[in-house]
Number of protein chains: 2
Amino acid sequence: MAMAYAALSTINEQADRRANAAATGCANCAARDLSVCGAMPSGDMSRVASIVSHRRADAGETLLSEGDKAMHFLNIVDVTVKVYKLLPDGRRQITGFLYPGDLLGLAFNDTYTSTVEALTPVKYCLFPRRQFERVVDEFRPMEKQLLARASNELVAAQEQMVMLGRKTAQEKIASFLMALLQRARRVNKASDSVVLTMTRSDIADYLGLTTETVSRGFTRLKTEGWIELCAGGKVRIRDTEALAELAAGADC
Amino acid sequence: MAMAYAALSTINEQADRRANAAATGCANCAARDLSVCGAMPSGDMSRVASIVSHRRADAGETLLSEGDKAMHFLNIVDVTVKVYKLLPDGRRQITGFLYPGDLLGLAFNDTYTSTVEALTPVKYCLFPRRQFERVVDEFRPMEKQLLARASNELVAAQEQMVMLGRKTAQEKIASFLMALLQRARRVNKASDSVVLTMTRSDIADYLGLTTETVSRGFTRLKTEGWIELCAGGKVRIRDTEALAELAAGADC
DNA sequence: TATATGCCCTGATTTTCGTCAACGCGGGAT
DNA sequence: ATCCCGCGTTGACGAAAATCAGGGCATATA
C-alpha cells in the first residue's frame with residue numbers, strides 16, 4: 001500500500017456525473033472502505049461529501065507536480081497512478097504506484113514533494129486542504145486511520161529501501177511481481193496473474209534499473225518457466241514458490 | 001529526521017540515576033522539545049513520566065530485533081543508533097540513523113520490522129506500548145505530532161529511495177555528508193564539519209554500497225580537496241558548494 | 001495503404017562497482 | 001611489550017548492469 005499524496009477510492013458513476021454533488025456520492029463510494037473515508041460513520045459521510053470535488057484525468061496527465069503549493073488533499077480513485085521524483089538531470093525514481101484506497105501522505109507538507117501522473121484514465125477526489133484538515137479534526141477515528149496508514153507506509157518504504165539498496169536486478173523484478181500478485185490476491189484470493197499497467201521504463205524507474213535490464217529480467221524468468229507473458233501486459237506466475245524465494249533474497 | 005521505532009530524547013543525568021522516577025525526570029528532559037513529548041503541556045508531563053522507564057545500552061548492543069513482538073515504544077536518547085533490516089543471506093540495509101528527538105514509528109505494528117542497534121553508549125526511554133497509546137489518546141496534540149512526524153518521515157524515505165535507486169556511488173556519499181552537515185547545522189549554525197560515529201561498513205549498508213567503494217569515495221573527495229579527514233572520525237567539509245551540487249545530482 | 005511513433009526485446013561493448021587480497025594502524029587483551 | 005583483531009585503505013581483477021545500437025511489432029496518423 002503506497003502512501004504519498006492522496007487516497008485512492010473509486011467514485012461510482014452517478015457521483016462522477018454530477019461532480020461536486022453533495023449528498024449521495026461519497027456514502028456509496030465503492031472504495032470507501034479502502035480509503036480513509038472508511039473511518040467515517042455512514043451518517044457523517046455527507047460532511048465529507050460537502051467538501052469533495054470529483055475529477056478525472058487521462059493517461060499520462062499530471063495530477064500534481066513536485067514543488068507546487070499543496071492546496072489539496074487528493075483521494076485518488078479508479079485504477080493507477082505513479083508517484084515520482086526527479087533529479088536535476090532528469091534521472092527519475094518512481095517511489096510508488098497507487099491503487100484505489102491508497103493514501104497520498106504529502107498532504108501534510110506545504111508543497112508537494114513528488115509528482116503524480118496517471119498511468120491510465122483515472123478518477124479522483126479532491127479535498128481542499130484546510131477543509132479536509134477540519135474534517136479530520138472533527139472525526140478522531142479518521143486521524144487514527146491516517147496515523148495507522150502512515151505507519152504502514154513507513155514500513156513499506158523501508159522494505160523498498162532494502163530492495164533498492166541490496167537486491168540484484170533479478171531479485172528486484174521478482175519482488176515487484178510478487179508485490180503485484182499479493183495485491184491482486186487481496187481482491188481475488190486465487191489469482192495467479194497480474195496486469196502490468198505501466199511500461200518497462202516505469203518499472204525500471206521504480207526498481208532503480210534500466211528498461212533493458214528489466215526486459216532481460218522478464219525474459220529470463222520466462223525462459224526459466226517461472227512466468228508467462230501474455231497479451232495486454234498480463235503476466236501469469238507459474239511458479240510462485242520459486243519467484244517468492246528469489247524475491248525474498250534467499251542465498252540461492 | 002529518521003522515523004522508525006522510537007523518539008530520541010536526552011534524559012538528563014539526574015533522571016537517569018533514579019530510573020523510573022516519576023516526578024521530575026521527563027519535565028526537565030533536555031530533548032523534550034525535540035521529541036513527541038514536546039507536544040505535552042509541562043503540567044501533564046508527570047503523566048508521561050509515570051509510564052516511562054529509563055535504560056542504557058552499550059555500543060553494539062541490540063535494543064530490539066526485527067520480528068520481536070512490539071511490546072514497547074522506544075524513545076531513544078543520547079547519541080546515535082542504527083536501524084536496519086536483513087535479507088536471509090545476511091545482506092543488510094540500514095534504513096536510518098537515529099538522533100535525539102527522532103521518532104521510532106514501528107510502534108504501531110504488532111511486531112518490530114527492523115532491528116535497532118546502538119552505535120555508541122546510548123540512553124533511552126521505554127514506554128509500554130498499551131500505556132503509551134493511552135497517553136496519546138488522552139492528549140490530542142501528541143497524536144497530531146506523531147502524524148506530522150510520520151508525514152515528514154515519509155518524505156525523507158522517498159528522498160532516500162531516489163538516492164538508493166538513482167544516484168551514483170560518489171553522489172550517494174556526498175548526499176550522506178550533506179545530510180549530516182545539515183543536521184550539525186541545526187545545532188550549530190556555522191558548523192563546517194561532521195563526526196562519523198558509524199563505521200565505513202555501516203555507511204556502506206546505508207548507501208547500498210560496499211565498504212571499499214565508500215572508502216574510495218571518501219579518498220576521492222579528499223584528493224579533490226572538497227573534504228578533509230581528521231582524527232576521531234571527524235570530517236571537515238571544505239567546499240560545501242561542490243559537495244552540495246554533487247549530492248543533488250546535477251548533470252556535472 | 002503507407003508512414004511514423006512508441007514500446008519491447010536482443011546483441012555487443014563499456015563502465016561502474018563489487019570481489020578478492022593484502023597491508024598498516026590503533027586499541028584492547030594477555 | 002607482544003599479539004590480535006577490527007577497521008580503514010589501496011590495488012588488481014571480475015562481474016553485473018548500464019550504455020549504445022538496431023530491429024520487430026502494434027497502434028496511431030496521414
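The chains referred to below are lettered A, B, ... by the order of the sequence lines, with proteins before strands, and numbering in each begins at 1. Any value given below was found using the heavy atoms of this structure, including those in side chains, with hydrogens, waters and symmetry copies removed.
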Novice: Taking any atom under 4.0 angstrom from a heavy atom of chain A, which nucleotides of DNA chain D are the first and last to qualify, 5' to 3'?
Specialist: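 It runs D:dA17 to D:dC20.
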Novice: Nearest whole angstrom, please: distance from the P of C:dG6 to the CG of A:Asp202.
Specialist: 15 Å
Novice: Pick the closest DNA chain D nucleotide for A:Glu212 and for A:Gln170 by heavy atoms, then say which residue is nearer the 5' end.
Specialist: A:Gln170
Novice: When the distance from CD1 of B:Ile173 to P of C:dT16 is rounded to whole Å, what number comes out?
Specialist: 14 Å
Novice: Kindly determine whether A:Arg91 and B:Val162 satisfy side chain to side chain contact (heavy atoms under 4.5 Å, CB included), including the steps that lead there.
Specialist: CA-CA 9 Å; A:Arg91 275 174 287 174; B:Val162 175; over 6 Å; no
Novice: For the helix from C:dT1-D:dA30 to C:dT30-D:dA1, what angle lies between the axis at the first five pairs and the axis at the last five pairs, to 10 degrees?
Specialist: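 Axis-to-axis angle, ends of the helix: 30°.
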Novice: Scan A:Leu229 against the nucleic acid and name what it touches under 4.0 Å (heavy atoms): base, sugar-phosphate only, or nothing.
Specialist: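 If one applies the 4.0 Å heavy-atom cut-off, A:Leu229 turns out to touch the sugar-phosphate alone, with no base involved.
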Novice: Looking only at heavy atoms, what is the nearest atom pair of A:Leu164 and B:Leu164, with distance?
Specialist: CB-CB, 3.8 Å
Novice: Once you apply a heavy-atom cut-off of 4.0 Å, does B:Gly233 come out as touching a base, just sugar-phosphate, or nothing?
Specialist: nothing
Novice: Return the value, rounded to whole Å, for the distance between atom CG of B:Asp58 and atom P of C:dG28.
Specialist: 14 Å
Novice: For the pair made of CG in A:Leu221 and P in C:dC9, what is the distance, rounded to whole Å?
Specialist: 12 Å
Novice: Please give me the minimum heavy-atom distance between B:Lys172 and B:Met163, naming the atom from each residue.
Specialist: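 Scanning both residues, the minimum pair turns out to be CE-O, 3.3 Å.
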Novice: Taking all non-hydrogen atoms of both residues into account, name the closest pair between A:Asp205 and A:Gln93 and its distance.
Specialist: O-NE2, 3.2 Å
Novice: Quick check: closest heavy atoms across A:Ala57 and A:Tyr124, and the distance to 0.1 Å?
Specialist: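 So the minimum-distance heavy-atom pair works out to CB-CE2, 4.1 Å.
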Novice: Closer to the 5' end of DNA chain C via nearest nucleotide, is it A:Arg166 or A:Arg200?
Specialist: A:Arg200
Novice: So, is B:Arg216 near the phosphate of C:dC17, with a side-chain N or O under 4.0 Å from OP1 or OP2?
Specialist: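 Answer no for this pair, as no side-chain N or O of B:Arg216 is under 4.0 Å from OP1 or OP2.
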Novice: Can you confirm whether B:Leu246 sits close enough to B:Lys167 that some side-chain heavy atom of one is under 4.5 Å from a side-chain heavy atom of the other?
Specialist: no
Novice: Between B:Phe97 and B:Arg183, is there a cation-pi geometry (under 6.0 Å to ring centre, at most 45° from the normal)?
Specialist: no
Novice: Any non-hydrogen side-chain atom of B:Leu64 less than 4.5 Å from a side-chain atom of B:Thr115?
Specialist: no
Novice: With the side chain counted from C-beta on, respond yes when B:Leu196 and B:Phe218 share a heavy-atom pair under 4.5 Å apart, and no when they do not.
Specialist: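 SC-SC contact between B:Leu196 and B:Phe218 confirmed.
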Novice: Using a cut-off of 4.0 Å on non-hydrogen atoms, how would the nucleic acid contact of A:Thr211 be classed: base, sugar-phosphate, or nothing?
Specialist: nothing
Novice: Looking only at the side chain of B:Ala169 (C-beta and beyond, no hydrogens), which of the listed nucleotides C:dC17, C:dT10, C:dC20 gets closest?
Specialist: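 That would be C:dC17.
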Novice: Please determine, for the side chain of A:Thr199, which listed nucleotide (C:dT10, C:dC17, C:dC8) has the closest atom?
Specialist: C:dC8
Novice: Using a heavy-atom cut-off of 4.0 Å across all strands, would you classify A:Gly232 as base, sugar-phosphate, or nothing?
Specialist: nothing
